[in-house]
Amino acid sequence: KQWYQRRVRGIDEVVRPAAEMVPDNWARTTLVQKVRSRYSEIMKRRGMTTMSTGKAIADHLKFWTLGTPVGHFVSMALPSDGSYGVEEGVFFSFPVQVNKYGVVKIVQDLRMDSFACEMIAASYAELKAEAEEALEIASQLK
């Protein structure tokens, strides 16, 4: 589930949607900045990202080997089948479910607000721009 779809028990013991417990612009400001700065914060604290990378690999392999719990999904980078507006064949991080045989399936039709859609589109645009830049540099090496 997206953060805003989760239900949270507040200090008053009342369970309500997470989106009701944070200011409207929190995801657009605080959350985005935190995610964008996470890599540099880890580098400053540890001087490397080996542990973060190792944990990501271990989690990836765990779900690939054992599957995801029923009704849950995780993010994995894999070639697009055209889902979420990402061109077919482009490696991109998608919400996926994995069965006990290791078969990975992109989760379709997730309910997302316009902000989540904007973030996916922006991430894809950045990825495409980086790919174009890399191809330009590679073409100059000839």
Side-chain angles (χ1 to χ4, degrees), residues 1-139 141:
K1 289 184 176 181
Q2 300 294 324
W3 74 268
Y4 55 84
Q5 294 172 314
R6 300 230 181 242
R7 297 185 60 76
V8 179
R9 182 180 313 277
I11 58 173
D12 58 1
E13 294 297 318
V14 175
V15 176
R16 57 179 62 92
E20 291 179 11
M21 300 185 72
V22 295
D24 289 341
N25 68 347
W26 176 82
R28 295 177 185 272
T29 56
T30 306
L31 180 62
V32 169
Q33 288 305 96
K34 188 71 170 170
V35 169
R36 286 184 176 158
S37 65
R38 186 172 186 277
Y39 179 81
S40 61
E41 286 178 21
I42 291 170
M43 289 295 288
K44 283 181 200 170
R45 216 174 307 141
R46 297 185 184 152
M48 60 177 178
T49 60
T50 307
M51 291 303 293
S52 182
T53 304
K55 172 82 167 94
I57 291 169
D59 287 346
H60 205 87
L61 291 173
K62 177 179 86 174
F63 291 119
W64 212 350
T65 305
L66 304 175
T68 51
V70 175
H72 291 249
F73 61 85
V74 295
S75 294
M76 286 188 179
L78 56 133
S80 176
D81 61 1
S83 296
Y84 296 95
V86 177
E87 182 182 338
E88 190 171 332
V90 173
F91 274 77
F92 198 78
S93 182
F94 292 99
V96 300
Q97 291 177 321
V98 186
N99 71 17
K100 64 182 179 182
Y101 303 107
V103 176
V104 179
K105 182 178 177 188
I106 296 175
V107 177
Q108 301 296 329
D109 303 320
L110 282 179
R111 191 178 81 220
M112 295 188 292
D113 65 5
S114 61
F115 178 64
C117 294
E118 291 168 17
M119 291 289 90
I120 290 171
S123 182
Y124 180 45
E126 287 176 21
L127 181 67
K128 284 174 44 176
E130 289 172 5
E132 290 169 9
E133 184 178 336
L135 288 172
E136 176 64 28
I137 292 168
S139 72
L141 297 176

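On a predicted model such as this, the values are computed, not experimentally measured, just so you know.
Minimum interatomic distance between G89 and P79 (heavy atoms only, all atoms of both residues): O-CB, 4.1 Å. Of all non-hydrogen atoms in I106 and S83, the two that sit nearest each other are CG2-OG, 3.9 Å. Of all the heavy atoms in V107 and L110, the pair that sits closest is CG1-CD2, 3.7 Å. The two atoms that bring V74 and F63 nearest to each other are CG1-CE1, 3.5 Å, heavy atoms only. Here the shortest heavy-atom pairing between F73 and P95 reads CD1-CB, 3.5 Å. Between Y84 and I120, the shortest heavy-atom distance links the atoms O-CG2, 4.1 Å.
Note that the NZ atom of K105 and the OG1 atom of T68 stand 11.5 Å from one another [nearest 0.5 Å]. To the nearest 0.5 angstrom, K55 atom NZ is 6.5 Å from K62 atom NZ.
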List, one per line, each side-chain donor-acceptor pair under 3.5 Å for residues 124-136, sequence neighbours excluded.
from, atom 1, to, atom 2, distance (Å)
Y124, OH, E87, N, 3.1
E136, OE2, Q140, NE2, 2.9

Cut-off 3.5 Å, no hydrogens considered: what does the side-chain donor-acceptor table look like for residues 96-103, sequence neighbours left out?
from, atom 1, to, atom 2, distance (Å)
Q97, NE2, H72, O, 3.2
N99, OD1, Y101, N, 2.8
N99, OD1, G102, N, 3.1
N99, OD1, V103, N, 3.0

